[in-house]
Amino acid sequence: MPELPEVETVKRGLESQIIGARINEILVGDLKVLQFQEDLLFDLVDQTIKSLSRRGKYIIFELNQNRLVIHLGMTGQLTLWRPDRFDSDRFLRHPKTGLQRIRQHAPDKHTHLQICLEDGRILMFRDTRKFGKIFLLPCDRIILEQFFSKLGMEPLDEEYRFDRFQEFLKGRKAPVKPLLLDQGFIAGVGNIYADEALHLAGIHPGKRARYLTRKEKRKLFEAIPTVLEKGIRYGGTTLRDYIDSDGREGNHQEFLKVYGRNGKSCQRCGSEIRKVVIGQRGTHFCPNCQKR
DNA sequence: AACCTTCCCTGATGGC
DNA sequence: TGCCATCAGGGAAGGT
């Protein structure tokens with residue numbers, strides 16, 4: 001499930017390759033992922049990709065006349081297909097990490113948007129579960145602000161401040177875990193990094209926010225950017241579907257402390273990692289390091 | 001306002 | 001072998 005580190009990895013990968021590229025043709029699959037009138041796609045042709053940015057789990061393509069905003073949902077993949085790479089390629093030599101598995105798909109029944117570039121490369125959006133969404137906005141600052149008005153703090157930016165963090169948690173009786181998933185609180189945190197941050201901070205995911213001590217809040221506040229940056233450093237977490245813009249899987253899954261490690265022992269204390277459901281979400285924690 | 005539940009969707013998995 | 005039920009989960013929408 002792509003969260004901030006995965007979206008950031010995709011964004012950086014694309015950024016280094018498609019700035020300045022001109023759109024030649026658009027091909028669509030399932031129209032369900034498009035959150036705008038289909039015929040507006042005609043407007044994209046001949047526009048140039050000027051820049052890329054990210055807000056929370058959204059990736060934003062700045063074009064001449066529009067902004068294309070994409071959310072990958074659960075299983076969304078944004079890859080740059082290159083005509084010089086054979087479809088049968090399954091491995092790619094990476095300068096630092098050696099041979100890596102890649103999953104560069106030719107368009108299939110799950111490919112819902114193909115943005116064909118002038119030079120023959122194709123920016124593809126593929127999403128098996130179709131929880132992803134694509135928006136087309138005019139290039140207007142106010143409209144962009146409105147679009148993101150309900151999103152919370154960017155955890156890796158200046159605007160991420162402890163006073164705002166504390167203010168949001170004040171008086172909340174909900175367990176802290178679902179609050180971390182609230183995009184109106186901190187944008188970009190999802191199920192994996194929420195569990196990882198709570199473990200790093202030593203906080204039980206079911207603990208009600210109002211009962212967190214100042215010290216615990218401080219630890220959690222700092223743990224969030226720490227685990228997100230670690231995720232980015234290892235190219236994101238691939239559990240099943242996530243791949244970057246080159247079709248490469250992430251490496252961060254090998255460094256997870258709790259997520260998906262139920263039944264295994266905690267690397268810090270040796271206790272058995274447990275999995276419970278909190279706020280309708282699978283939640284992983286160490287019962288010894290994260291006491292109520 | 002805060003909190004909780006349901007729904008969307010498909011592939012993987014397990015029981016029989 | 002095949003069929004069915006169940007599960008995963010981001011976020012919107014609906015209810016309390």
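Naming: A, B, ... by sequence-line order, numbering from 1 per chain.
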Given R126(A), which partner from the list T111(A), T79(A), D108(A), T75(A) fulfils the side-chain hydrogen bond (donor to acceptor under 3.5 Å, both in side chains) test?
D108(A)
Considering residues, nucleotides and ligands other than K219(A), do more than 12 of their heavy atoms fall under 6.0 Å from its NZ?
no
Is K130(A) near enough to dT10(B) that one of its side-chain N or O atoms lies under 4.0 angstrom from OP1 or OP2?
yes
Would you check if there is a donor-acceptor pair between the side chains of Q47(A) and N66(A) at a distance under 3.5 Å?
yes
Please tell me if H110(A) has a side-chain N or O lying less than 4.0 Å from either OP1 or OP2 of dC9(B).
no
Consider only side-chain N and O atoms of H112(A) and D30(A), and report whether a donor and an acceptor are under 3.5 Å apart.
no
Among dT6(B), dG11(C), dC3(B), find the nucleotide with the atom closest to the side chain of A174(A).
dC3(B)
dC8(B) P sits how many Å from K133(A) NZ, rounded?
13 Å
Grab the CD-P distance between Q280(A) and dG14(C) for me, whole Å please.
18 Å
Pick base, sugar-phosphate or nothing for G279(A), based on heavy-atom distances below 4.0 Å to the nucleic acid.
nothing
The nucleotide from dC9(B), dG11(C), dC3(B) with an atom nearest the side chain of K32(A) is dC9(B)
Could you give the NZ-to-C1' distance, from K109(A) to dT10(B), as a whole number of Å?
8 Å
Please report, rounded to the nearest Å, how far the C1' atom of dC4(B) is from the CZ atom of R208(A).
12 Å
Measure from CG on L239(A) to P on dG10(C) and round the result to the nearest Å.
11 Å
Whole angstroms only, please: what is the CZ-P distance between R129(A) and dC7(B)?
18 Å
Is K57(A) close enough to dG11(C) that one of its side-chain N or O atoms is under 4.0 Å from OP1 or OP2 there?
yes
Hey, does K150(A) reach any base, or is it just sugar-phosphate, or nothing, if we go heavy atoms under 4.0 Å?
nothing
Looking for any heavy atom pair under 4.0 Å, which part of the strands does Y259(A) touch: base, sugar-phosphate only, or nothing?
sugar-phosphate
Interatomic distance, D182(A) CG vs dG11(C) C1' [rounded to whole Å]:
10 Å
Specify the separation, in whole Å, of atom CZ of R240(A) and atom C1' of dC7(C).
10 Å
dG10(C), OP1 or OP2 - any side-chain N/O from H71(A) closer than 4.0 Å?
no
State whether the aromatic ring of F131(A) stacks on the base of dG10(C), taking stacking to mean ring centres under 5.5 Å apart and ring planes under 30° to each other.
yes
Go nucleotide by nucleotide along DNA chain B from the 5' end; which of R281(A) and G171(A) gets its closest nucleotide reached first?
G171(A)
For a side chain to side chain contact (heavy atoms under 4.5 Å, CB included) with I115(A), tell me which candidate from V45(A), N24(A), L68(A) qualifies.
L68(A)
